[in-house]
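Here the structure is laid out as structure tokens; the discussion comes afterwards.
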There are 2 protein chains.
Amino acid sequence: MSKAPTRIQQRNRTAILDAGLKVFSQYGFRGSTLDQIAEAAGLSKPNLLYYYPSKDAIYTALLERLLETWLEPLQQLDEDGDPISEILGYVHRKLDMSRDYPRESRLFANEILQGAPHIAGHLSGELRQLVDQKAHVLRRWEQAGRIAPIDPHHLIFSIWSLTQHYADFDVQVRAVLGDSDPMAGASAHLDMLFRRMLTPQAEP
Amino acid sequence: MSKAPTRIQQRNRTAILDAGLKVFSQYGFRGSTLDQIAEAAGLSKPNLLYYYPSKDAIYTALLERLLETWLEPLQQLDEDGDPISEILGYVHRKLDMSRDYPRESRLFANEILQGAPHIAGHLSGELRQLVDQKAHVLRRWEQAGRIAPIDPHHLIFSIWSLTQHYADFDVQVRAVLGDSDPMAGASAHLDMLFRRMLTPQAEP
DNA sequence: TCTTGGTTTGACCAACTGGTCAAATCAACG
DNA sequence: CGTTGATTTGACCAGTTGGTCAAACCAAGA
């Protein structure tokens, strides 16, 4: 029987995860230190390890929590909806996530860049299963002529890369664009891009 | 008067840069150790430091070399060529780089993810200058009706993200696709994508 | 108030880190 | 061959790292 967590536990655990997210998303797992996380969380290092038994435990807890959030927008893609609206809805949900949760996006990017040592199983398991399932939906839409011919898997990769780019490469985007906020232009651009890519052309 | 480098110097320096590329591209600057690089290069750690005075020097040398390679494909974009061929040529050059130099791509991604501490100046300097210049070319093509209306900067971001994704997120792409080689499909997909996005539509 | 269990910390440790240095080794030229 | 300068290395160092532990502190219910 595990006890209900106290208020202090809740506060400190969320403070630790938030601090871990901040640090890990910037430096990756190996490049981050417990001291950095402890300071960002406003706790001493031994106190940190009172709530999570190891550096790895903090990182794993973060990734675990992230994976749910990460799959959700794709799960919402509805076969019974209007194809182009559904796909554009997915694009905008993903772009909103890049805007609202850039650290989560960079944490994920860091993990993948390093070869996904902690989540390789999830990628070839849950993620692959979900993607294959939605790829079938896309293929049926395509065969019904409701979207232009396209490789479903690469379409999904395109959505991922185009949206996450604005979080992961934020520094570069801002350096090139100057002061103006990238996200307004990004939203309009991606909307246009996917509309043109997906709208079926009349038969000759 | 600096002496000409000996054969041994050339061999070891390239071995070090190659090892550094391998290690840094996976773990980032902070997450990599001199011991890792030394082992990958087949040298002892003090011998490493005989050729490069510090960890930072190896990393900087790599980034410096990379930046030239990185800008080149965009520089080749020729205002006097056929717009869609020129843009598609750029896309394919970038995709080829993701296929042939994935470690370079991941090194760059790592540096940007960490906030570009070593190359922030280059981004808002040379890179921005080149991008602005080519954005003007794209805008003139657009105003001449030779490509469909588009935001030039975001078009360039799209090319970067879509092509580099196949190097940076290689593990994820392969986990989702299974064994089949991603690059063949990627090339066809991106070709199609940019053609549809850029081909001007007839006026109504 | 006292007790009890959750919470916090200073001191500490072994392993690892980037880097140094003097001495040993090697290559090549005269 | 001997010499000279380039190359390599073992031993070492101070600072950092993830993690431990006993002792101190604190909140809240009896």
Side-chain angles (χ1 to χ4, degrees), chain A residues 1-64 107 110-111 114 117-118, chain B residues 1-64 107 110-111 114 117-118:
Chain A
M1 276 295 175
S2 58
K3 308 284 169 56
T6 67
R7 243 172 295 121
I8 293 179
Q9 273 173 31
Q10 285 182 358
R11 171 170 51 82
N12 284 345
R13 276 179 195 275
T14 55
I16 290 169
L17 288 185
D18 195 63
L21 178 59
K22 177 179 170 181
V23 175
F24 282 134
S25 67
Q26 192 172 357
Y27 299 110
F29 179 72
R30 293 214 38 193
S32 304
T33 75
L34 285 178
D35 289 289
Q36 283 178 293
I37 301 172
E39 198 198 324
L43 299 173
S44 66
K45 187 168 62 173
N47 203 6
L48 224 151
L49 292 162
Y50 172 72
Y51 290 100
Y52 286 91
S54 68
K55 181 185 175 183
D56 212 280
I58 303 174
Y59 188 75
T60 304
L62 273 171
L63 274 186
E64 215 74 40
L107 179 74
N110 247 313
E111 168 71 9
Q114 297 182 14
H118 295 77
Chain B
M1 277 296 177
S2 58
K3 308 283 170 55
T6 68
R7 243 173 295 119
I8 294 180
Q9 273 174 32
Q10 285 183 356
R11 171 169 52 80
N12 284 344
R13 277 178 195 275
T14 55
I16 291 169
L17 288 185
D18 195 63
L21 179 59
K22 177 178 170 181
V23 175
F24 282 134
S25 67
Q26 190 171 358
Y27 299 110
F29 180 72
R30 293 213 36 191
S32 303
T33 74
L34 285 178
D35 290 288
Q36 284 177 291
I37 300 172
E39 198 196 327
L43 299 174
S44 66
K45 187 168 60 170
N47 204 6
L48 244 190
L49 293 162
Y50 172 72
Y51 290 101
Y52 286 91
S54 67
K55 181 185 175 184
D56 213 280
I58 303 174
Y59 187 74
T60 305
L62 274 171
L63 274 186
E64 216 74 40
L107 179 74
N110 248 313
E111 168 71 9
Q114 298 182 12
H118 295 77

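Numbers restart at 1 for each chain; the letters A, B, ... are given by sequence-line order, proteins then strands.
- Remark: N47(A) is in phosphate contact with dT9(C), judged by side-chain N or O atoms under 4.0 Å from OP1 or OP2.
- Taking 4.0 angstrom as the limit, S44(A) places none of its side-chain polar atoms (N or O) nearer than this to OP1 or OP2 of dT8(C).
- Closest non-hydrogen pair, A41(A) versus A15(A), comes out as CB-O, 3.8 Å.
- Mapping Y50(B) and L34(A) onto DNA chain D by nearest heavy atom places Y50(B) at the nucleotide closer to the 5' end.
- Closest to the side chain of T33(A), out of dT8(C), dG18(D), dT17(C), is dG18(D).
- Across dT7(D), dG18(D), dT8(C), the shortest atom-to-atom separation from the side chain of K55(A) is found for dG18(D).
- Distance OH (Y52(A)) to P (dT7(C)): 13 Å, rounded to an integer number of Å.
- A close approach under 4.0 Å does not occur between any side-chain nitrogen or oxygen of Q9(B) and OP1 or OP2 of dA6(D).
- We find that CZ of R11(A) is positioned 14 Å from P of dC26(D), with the value rounded to whole Å.
- Side-chain atoms of K55(A) come within 3.5 Å of backbone atoms of F29(A) as a donor-acceptor pair (strictly under, hydrogens ignored).
- The base of dG18(C) lies close enough to the side chain of K45(B) for a donor and an acceptor atom to sit less than 3.5 Å apart.
- Looking at which nucleotide of DNA chain C each of I8(B) and S32(B) is closest to, the 5′-most match is held by S32(B).
- Counting to the nearest Å, the C1' atom of dT17(D) and the CZ atom of R30(B) are 10 Å from each other.
- Sequence neighbours left out, the pairs with a member in residues 29-54 of chain B that pass salt bridge (Lys or Arg N to Asp or Glu O under 4.0 Å) are D35(B)-K45(B).
- For N12(B) and dT7(D), the CG to C1' distance is 9 Å, given to the nearest whole Å.
- Summarising the geometry, the separation between CG on D35(A) and C1' on dT17(C) is reported as 14 Å, rounded to the nearest angstrom.
- Taking each heavy atom of L17(B) and I58(B) in turn, the nearest pair found is CD2-O, 4.2 Å.
- Y27(A) places its OH atom 14 Å from the P atom of dG18(D), with the value rounded to the nearest Å.
- Nearest-nucleotide assignment on DNA chain C puts the 5′-proximal partner with P46(A), out of S54(B) and P46(A).
- Distance, Q36(B) CD to dG18(C) P: 8 Å, rounded to whole Å.
- Note on Y51(A): only backbone sugar-phosphate atoms sit closer than 4.0 angstrom, heavy atoms only; bases stay farther off.
- For L48(B) and dT20(C), the CG to C1' distance is 14 Å, given to the nearest whole Å.
- Between S32(B) and Y27(B), the closest heavy-atom pair is OG-CB, 3.5 Å.
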